[in-house]
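Read the structure below first, then the notes.
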2 protein chains.
Amino acid sequence: MNSDFTLAVHSLTLLSLLPDRMSTSDAIAESACVHPVRIRKVLGLLKKQGFIQSREGTGGGFVFTKEPSEVSLWDLYQLTANGTIQPKCPKSNHECIVGSNMKHVLTSIFEDGEEYLGSFLNQYTIQDIVKQVKQES
Amino acid sequence: MNSDFTLAVHSLTLLSLLPDRMSTSDAIAESACVHPVRIRKVLGLLKKQGFIQSREGTGGGFVFTKEPSEVSLWDLYQLTANGTIQPKCPKSNHECIVGSNMKHVLTSIFEDGEEYLGSFLNQYTIQDIVKQVKQES
DNA sequence: TTTCACTGTAACATTTATGATTACAGTACC
DNA sequence: GGTACTGTAATCATAAATGTTACAGTGAAA
């Protein structure tokens, strides 16, 4: 899985800790050690989904507009990592009964598998992450 | 996920259809449209685990030495793709409470998540894949 | 009404992961 | 000894992920 998911969780966790003010992409990027442009891209997805709001210009940035308990890891997975557990299926030989069907068979199984994983990830919310992060420090 | 998992499933499915003779890495590679060396690498893992046997030299190749119903997709996932659902966590800022703990928190959740996914993949065996592949054609 | 501090987004560069290819030693059969 | 395989390491090519630069748009504030 690429790190967009992690950046989404990281960003929302940070924003949860600073609910009363705008946080800039530069500040979030510094905490996550990535380039601010990546943060802006990932947060763009979260904004479309209504999880956060942004404001341009001086004093602008991002704020969390939902309760941390309302956003689950499954929500964020679907936004940023949907389909990543699918095993890569190299195009295979259509002359062969196995080659010609393997991709479809595995894709279908892993679609169901991803839904199944979803019911696990749905148990965890940003609130839980905030709690755990605080506990560990 | 890289395609080792798919190649493992593909290879065992083929071998299941040809239980009475040795199949060469060249033949399997042709069905899967990949390089024979990759097949030999992946099948090396399966051999260590005792799923197949190989013989070198003329007339050599690979044979399945277990029942297709005894090998599950979870077995093959663990061999070839363990840890791939872990979200990438870029090294993060240790000055920051979030940065310093995010990696550990997410890793722990996704270890459990992978186990959970395991109980799903464990439902499917190579026999099921063989059946589905036959059905579709 | 200009300047400054932001977001939004596209284009390009770099790094890393993945897979292909080559090479060759080892083994078994003929 | 020749041929047909596996086993494995090393190198090369390609694709995916990420970083970087550039710049237009926006809003606050001097």
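Everything quoted here is computed from the prediction, not taken from an experiment. So you know, we letter chains A, B, ... as the sequences are listed, proteins then strands, and number each from 1.
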Report task. Say whether B:Y77 and B:S72, considering side chains only, have a donor N or O and an acceptor N or O under 3.5 Å apart. Result -> no
Report task. For DNA chain D, determine which residues of residues 9-29 of chain A have any heavy atom closer than 4.0 angstrom to one of its atoms, and list them numerically. Result -> none
Query raised in the report: Going by atom types only, do A:R38 and A:S3 share a side-chain donor-acceptor pair under 3.5 Å?
Result: yes
Query raised in the report: Atom CZ of B:F62 and atom P of D:dC5: how far apart are they, to the nearest Å?
Result: 12 Å
Query raised in the report: To the side chain of A:E56, which of C:dA28, D:dT26, C:dT18 is closest?
Result: D:dT26
Query raised in the report: So, is A:S3 near the phosphate of D:dT18, with a side-chain N or O under 4.0 Å from OP1 or OP2?
Result: yes
Query raised in the report: Can you name the residues that form a ring-ring contact (aromatic ring centres under 6.0 Å, His included) with B:F5, not counting sequence neighbours?
Result: A:F110
Report task. Return the residues of residues 33-55 of chain A meeting this criterion: a heavy atom under 4.0 Å from some atom of DNA chain C. Order them by number, or give none. Result -> A:V37, A:R40, A:K47, A:S54, A:R55
Report task. Return the value, rounded to whole Å, for the distance between atom CG of A:N2 and atom P of C:dT16. Result -> 16 Å
Report task. Output all residues satisfying side-chain contact (heavy atoms from CB on, under 4.5 Å) with B:Q132, sequence neighbours left out; order by chain, then residue number. Result -> A:V105, A:I109, B:Y124
**Report entry** Any residue meeting ring-ring contact (aromatic ring centres under 6.0 Å, His included) with A:F62, in chain and number order, not counting sequence neighbours
**Finding:** none
Requested in this report: Give a yes-or-no answer on whether the side chains of B:H10 and A:S92 include a donor-acceptor pair shorter than 3.5 Å.
Outcome: no
Query raised in the report: Does any non-hydrogen side-chain atom of A:T125 lie less than 4.5 Å from one of A:D128?
Result: yes
Report task. Using the test ring-ring contact (aromatic ring centres under 6.0 Å, His included), find all partners of B:F51 that sit at least two apart in sequence or belong to another chain. Result -> none
